There are 2 protein chains.
Amino acid sequence: MENIYTEQLKNNGLKNTPQRIAILDILFIEEQPISVDDIYIKLKEKNISINLSTVYRSIEAMEEKKIISKLDFLNEGKAYYEYNKAGHRHYLICKGCKKITTIYSCPLELYEKTLEQNTNYKIEEHKLCLYGYCPNCNKNK
Amino acid sequence: MENIYTEQLKNNGLKNTPQRIAILDILFIEEQPISVDDIYIKLKEKNISINLSTVYRSIEAMEEKKIISKLDFLNEGKAYYEYNKAGHRHYLICKGCKKITTIYSCPLELYEKTLEQNTNYKIEEHKLCLYGYCPNCNKNK
DNA sequence: CTACATGCAAACCGTTTGCACCCTA
DNA sequence: TAGGGTGCAAACGGTTTGCATGTAG
């Protein structure tokens, strides 16, 4: 597993350090986007010696290289990150337990083209989040 | 015009103050969502005596009463506000000149239902932003 | 006259930065 | 051994808060 991270860092001209590998591993294992301070807490729990600013700098570097990606539009106030398993995606967020589910399909390709025609904009991308209650939280309301 | 703001505040149990009326007027006149510090600057330009924290508190109260609405997911780092001219809407943002266009139609109603069936979530709302270049910025690229 | 609004200054919180030291390639 | 990476502490920017004062209803 670590070999993958090592490769990925090397291929992108980033040096291999125990801190970066640990960050990648946390993001990889985590099944949903996670905030910077949660990454930091998980690193500490694993007894990995690291500074918060190093987390920020490592994350920034890896995001630039598209190894991970940033979600700065989800929850007000702070950024979330996830390992880059696929390209375009959307998010389904439970308003109860705050669980974030990543959606890999996109219902908007056609709509983008229509909108381009209507507005004369050259549309390049979009961000979509859906909010609601997961089956479990919905039951307990 | 001021009568409308006065009514709106009264109906929502908020006191009429020159500061609140001035904020509402700026948001009403502005044709696109605007940041808090820009509201503050415009107030100062109009020689209205107000403190930044009053802007924040007034805006918060008016947002709670649904007189205005908050966009905290658009541009990283700070919140934007707009006068509540209609309910549900989306945003088209020019990556060149940063102009924000509000879109009042929604292509996702059907999709929401499909997703509800597929995930068993109770979906309540969504946020959508599209990014691209407006005709003018596209020309100059 | 009383509860809500405001101004001011200080705190807050996520994030960034400058600088000295460290360590990977 | 050179240049990127790290730790630490301090700064930053948007936002919030405590408290005293002011004012709309």
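Because the structure is a prediction, the values reported are computed rather than measured. Chain naming here is simple, since letters A, B, ... match the order of the sequence lines and numbering starts at 1 in each.
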A.B. asks: Enumerate the residues from residues 39-48 of chain A whose closest heavy atom to DNA chain C is under 4.0 Å, giving them by residue number; use none for an empty result.
C.D. replies: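 Contacting residues: none.
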A.B. asks: Identify, with sequence neighbours excluded, every residue that meets side-chain contact (heavy atoms from CB on, under 4.5 Å) alongside B/E31.
C.D. replies: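 Partners of B/E31 under the side-chain contact (heavy atoms from CB on, under 4.5 Å) test: none.
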A.B. asks: Let me have the donor-acceptor pairs involving side chains of residues 36-44 of chain A, under 3.5 Å, with sequence neighbours excluded, atom names and distances please.
C.D. replies:
residue	atom	partner	partner atom	Å
A/D37	OD1	A/S35	OG	2.9
A/D37	OD2	A/K78	NZ	3.3
A/D38	OD2	A/S35	OG	3.3
A/K44	NZ	A/I50	O	3.1

A.B. asks: Could you run down nucleotides 11-25 of chain D 5' to 3' and tag each one B, S or - for protein heavy-atom contact under 4.0 Å?
C.D. replies: ---SBBBB-----BS
A.B. asks: Scan residues 86-95 of chain B for pairs that pass salt bridge (charged side-chain N to carboxylate O under 4.0 Å, His left out), counting only residues two or more places apart or in two chains.
C.D. replies: A/E124-B/K95, A/E125-B/K95, B/E82-B/R89
A.B. asks: Sequence neighbours left out, what pairs pass ring pair (Phe, Tyr, Trp, His ring centres under 6.0 Å) with at least one residue falling in residues 51-71 of chain B?
C.D. replies: none
A.B. asks: Would you work out how much the helix from C/dC1-D/dG25 to C/dA25-D/dT1 bends between its ends, with each end axis defined by five base pairs, to 10 degrees?
C.D. replies: 40°
A.B. asks: Restricting to ring-ring contact (aromatic ring centres under 6.0 Å, His included), what partner residues turn up for B/Y83, sequence neighbours left out?
C.D. replies: B/F28
A.B. asks: If you look only at pairs with a residue in residues 103-122 of chain A, which of them pass as a salt bridge (charged side-chain N to carboxylate O under 4.0 Å, His left out), with sequence neighbours excluded?
C.D. replies: A/E116-A/K122
A.B. asks: Applying side-chain contact (heavy atoms from CB on, under 4.5 Å), can you list everything that pairs with B/N120, at least two apart in sequence or on another chain?
C.D. replies: A/P135
A.B. asks: Going by side-chain heavy atoms closer than 4.5 Å, which hydrophobic residues are tied to B/L115, directly or by a chain of links?
C.D. replies: A/L92, A/I103, A/L108, A/Y111, A/L115, A/Y121, A/I123, A/L128, A/L130, B/L92, B/I103, B/L108, B/Y111, B/Y121, B/I123, B/L128, B/L130
A.B. asks: By salt bridge (charged side-chain N to carboxylate O under 4.0 Å, His left out), which residues pair with A/K46, not counting sequence neighbours?
C.D. replies: A/D25
